[in-house]
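Here is the structure we will look at.
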Amino acid sequence: CSGCAHIKSSATRYGAVVLKTISVRDAATALGITNRAVLYRREKGQLKGQLIKNDHGVPEYRIYPNKEIIEGLKRIGSPL
């Protein structure tokens, strides 16, 4: 990854935690909804994410996985 813009370090009272983001497509697959529905959830504040530029310079959203997304990823057997 160029510059690793999709990995964010966050400090908590328990120590530093590295939060890895996933693509909107991966989040949608894990939740069983459309890509657009993931973006609507982000706009409403139900999901956290950030807008970054990918390797081709195109802006795209990256989503921080919540408990629901992590469970969905495990259910579909994703290596993320």
Side-chain angles (χ1 to χ4, degrees):
C1 58
S2 64
C4 292
H6 62 279
I7 297 177
K8 177 181 175 185
S9 180
S10 177
T12 66
R13 63 181 171 168
Y14 304 109
V17 176
V18 176
L19 301 173
K20 184 177 179 194
T21 58
I22 62 172
S23 69
V24 170
R25 180 184 292 170
D26 290 339
T29 302
L31 295 171
I33 59 178
T34 65
N35 294 351
R36 188 67 195 143
V38 170
L39 295 176
Y40 281 139
R41 286 189 183 193
R42 195 206 56 80
E43 288 171 6
K44 292 194 305 188
Q46 295 172 348
L47 292 174
K48 302 278 187 218
Q50 65 181 9
L51 184 64
I52 64 161
K53 291 192 178 197
N54 65 13
D55 296 337
H56 304 291
V58 179
E60 68 176 23
Y61 277 102
R62 303 289 297 183
I63 303 297
Y64 294 108
N66 60 14
K67 186 176 182 180
E68 184 182 9
I69 293 173
I70 292 169
E71 288 173 0
L73 290 171
K74 287 178 184 175
R75 188 176 58 249
I76 62 174
S78 176
L80 298 176

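Everything quoted here is computed from the prediction, not taken from an experiment. Only heavy atoms go into these numbers, but all of them, side chains included; no hydrogens, no water, no symmetry mates.
- Looking at Ile22 and Leu73, their side chains come closer than 4.5 Å, going by heavy atoms from C-beta outward.
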Side chains of residues 65-72: which donor-acceptor pairs under 3.5 Å do they make with residues two or more places apart or in other chains?
unit_1 : atom_1 : unit_2 : atom_2 : d
Asn66  : OD1    : Glu68  : N      : 3.2
Asn66  : OD1    : Ile69  : N      : 2.9

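- Interatomic distance, Gln46 CD to Glu43 CD, rounded to the nearest 0.5 Å: 11.0 Å.
- Paired with Tyr61 under the rule side chain to side chain contact (heavy atoms under 4.5 Å, CB included), one option of Val24, Ile52, Thr21 passes, and it is Val24.
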Let me check something: any side-chain donor-acceptor pairs from residues 30-41 under 3.5 Å, sequence neighbours excluded? List them with distances.
unit_1 : atom_1 : unit_2 : atom_2 : d
Thr34  : OG1    : Ala37  : N      : 3.1

